[in-house]
Amino acid sequence: MSIIDQTIEWFGEPDRWSWTESEGIPYRTVEHLQFSVLALAISAVLTIPPALWLAHYRRAQFLATSAVNIGRAIPSFGLVILFWFLASRLEADTTFWPLMLALVALALPPLFTNTYAGVIQLEQETVDAARGTGYREWQIMLRLELPLASPVILAGARVAFLQLVATVAIGAIVNDGGGLGRYIVDGFALGDPGHGEILAGGIAVVVLALVCEAVFALITRAVTPRGLAIQSRAETRS
């Protein structure tokens with residue numbers, strides 16, 4: 001049987017489209033998204049407030065630059081294995097925290113850097129005008145800088161989230177659940193008969209990543225201030 005036939009047969013197996021059975025793609029997709037969304041939320045809470053504050057006062061520019069380089073240098077697989085090794089040594093639970101800590105660590109650099117860059121690039125005259133009308137510093141940060149920087153922040157969140165989706169699949173190696181990556185890991189364990197499951201798992205991860213990309217594009221379009229959207233379209237046409 002060819003790998004294509006194996007894949008088609010695998011997709012047609014009983015319970016493959018179940019929301020409640022662990023063999024089901026919807027069940028594993030929800031599991032995959034739970035890890036990814038939770039990691040992104042934790043990372044956003046940890047990075048966006050300090051990055052917003054530091055950018056407002058024009059501090060720690062070196063830290064923002066370093067975060068870019070760190071984000072590019074961190075190998076996802078190595079980070080997952082490192083946290084799993086440390087958890088094993090400390091006799092801690094290895095089914096959740098090693099993968100979650102690795103995901104959060106991966107999402108921190110793009111979120112911090114984009115938040116910082118999004119605020120820094122705003123025209124100082126706009127900030128000074130708000131300050132001149134009586135806005136306090138925290139009001140400027142929350143009511144002016146954060147909304148105007150939101151497209152850049154969301155771009156960082158999109159990059160981080162797609163990296164998280166890919167890493168959760170890898171994390172199935174150390175995680176009992178593992179989301180859609182469970183199919184790939186289990187397929188490799190089966191040898192030749194598992195090639196169809198490996199291909200199907202890979203297809204499922206790619207489809208999920210494309211759907212997430214489209215969702216982020218819609219969210220960015222929805223939350224971008226109207227003035228910025230009009231300006232962006234005008235610059236694109238020119």
Side-chain angles (χ1 to χ4, degrees), residues 33-74 76 100-101 103-167 209-238:
L33 288 174
Q34 284 176 337
F35 259 98
S36 304
V37 171
L38 180 59
L40 185 69
I42 294 173
S43 303
V45 171
L46 292 176
T47 55
I48 291 178
L52 179 63
W53 187 86
L54 290 170
H56 176 75
Y57 290 104
R58 302 297 191 269
R59 296 177 181 174
Q61 189 167 1
F62 175 76
L63 178 60
T65 305
S66 300
V68 176
N69 298 326
I70 292 172
R72 290 172 179 167
I74 294 178
S76 306
M100 183 54 64
L101 290 175
L103 295 175
V104 171
L106 288 171
L108 293 177
L111 283 172
F112 181 88
T113 303
N114 277 50
T115 303
Y116 194 94
V119 174
I120 284 287
Q121 72 179 10
L122 299 179
E123 294 181 357
Q124 190 59 40
E125 291 80 2
T126 305
V127 177
D128 292 339
R131 192 173 286 126
T133 57
Y135 272 52
R136 295 182 178 179
E137 297 305 311
W138 67 269
Q139 290 175 317
I140 293 174
M141 284 188 274
L142 294 181
R143 298 182 181 178
L144 180 69
E145 291 177 329
L146 185 60
L148 292 179
S150 60
V152 181
I153 297 173
L154 283 172
R158 187 188 70 220
V159 170
F161 193 71
L162 293 179
Q163 190 173 9
L164 295 179
V165 169
T167 306
L210 292 175
V211 171
C212 292
E213 172 77 11
V215 170
F216 261 100
L218 293 175
I219 293 174
T220 302
R221 185 175 180 179
V223 304
T224 300
R226 183 178 176 81
L228 277 182
I230 295 174
Q231 182 182 355
S232 178
R233 285 197 292 270
E235 290 175 353
T236 302
R237 290 170 185 166
S238 62

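Remember, it's a predicted structure, so these values are computed and weren't measured experimentally.
The side chain to side chain donor-acceptor pair (under 3.5 Å) test applied to E125 returns no partner, not counting sequence neighbours. The side chain to side chain donor-acceptor pair (under 3.5 Å) check on E137 picks up H56, R131, with sequence neighbours excluded. Qualifying side-chain contact (heavy atoms from CB on, under 4.5 Å) partners for S43, counting only residues two or more places apart in sequence or in other chains: V104, A107, L108, L111. Contacts of W138 classified as ring pair (Phe, Tyr, Trp, His ring centres under 6.0 Å), with partners at least two apart in sequence or in another chain: none. Listed by chain and number, the residues in a salt bridge (Lys or Arg N to Asp or Glu O under 4.0 Å) with R136 amount to none (sequence neighbours excluded). Under the side-chain contact (heavy atoms from CB on, under 4.5 Å) criterion, A55 pairs with Y116, V119, I120, not counting sequence neighbours. Every residue meeting the side-chain contact (heavy atoms from CB on, under 4.5 Å) condition with V37, not counting sequence neighbours, appears here in chain and number order: F161. Taking T167 as the reference, S76, V80, L103, L106, Q163 meet the side-chain contact (heavy atoms from CB on, under 4.5 Å) condition, with sequence neighbours excluded.
Shortest non-hydrogen contact noted between V152 and Q121 is CG2-NE2, 3.3 Å. What you find for A209 and L162 is that their closest heavy atoms are O-CD2, 3.5 Å. Between F216 and L40 the shortest heavy-atom distance is CZ-CD2, 4.0 Å. Considering all non-hydrogen atoms of both residues, L52 and T115 come closest at N-CG2, 3.9 Å. Across all non-hydrogen atoms, the minimal contact from C212 to L33 is SG-CD2, 4.1 Å.
The structure places CG of D128 at 11.0 Å from CD of E123, a figure rounded to the nearest 0.5 Å. How far CD1 of I153 is from CG of L148: 10.0 Å, rounded to the nearest 0.5 Å. Summarising the geometry, atom CE belonging to M141 is positioned 4.5 Å from atom OH belonging to Y57; distances are rounded to the nearest 0.5 Å.
Residues T126 and L144 are in side-chain contact: their nearest non-hydrogen atoms beyond the backbone lie under 4.5 Å apart.
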Can I140 and V127 be said to form a side chain to side chain contact (heavy atoms under 4.5 Å, CB included), step by step? CA-CA 7 Å; I140 293 174; V127 177; 3.9 Å; yes
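Residue pairs meeting the salt bridge (charged side-chain N to carboxylate O under 4.0 Å, His left out) criterion with at least one partner in residues 146-166, sequence neighbours excluded, are R158-E213. Residue pairs meeting the salt bridge (charged side-chain N to carboxylate O under 4.0 Å, His left out) criterion with at least one partner in residues 43-55, sequence neighbours excluded, are absent.
A donor-acceptor pair is defined here as one N or O able to donate and one able to accept, closer than 3.5 Å; such a pair exists between the side chain of T133 and the backbone of A130.
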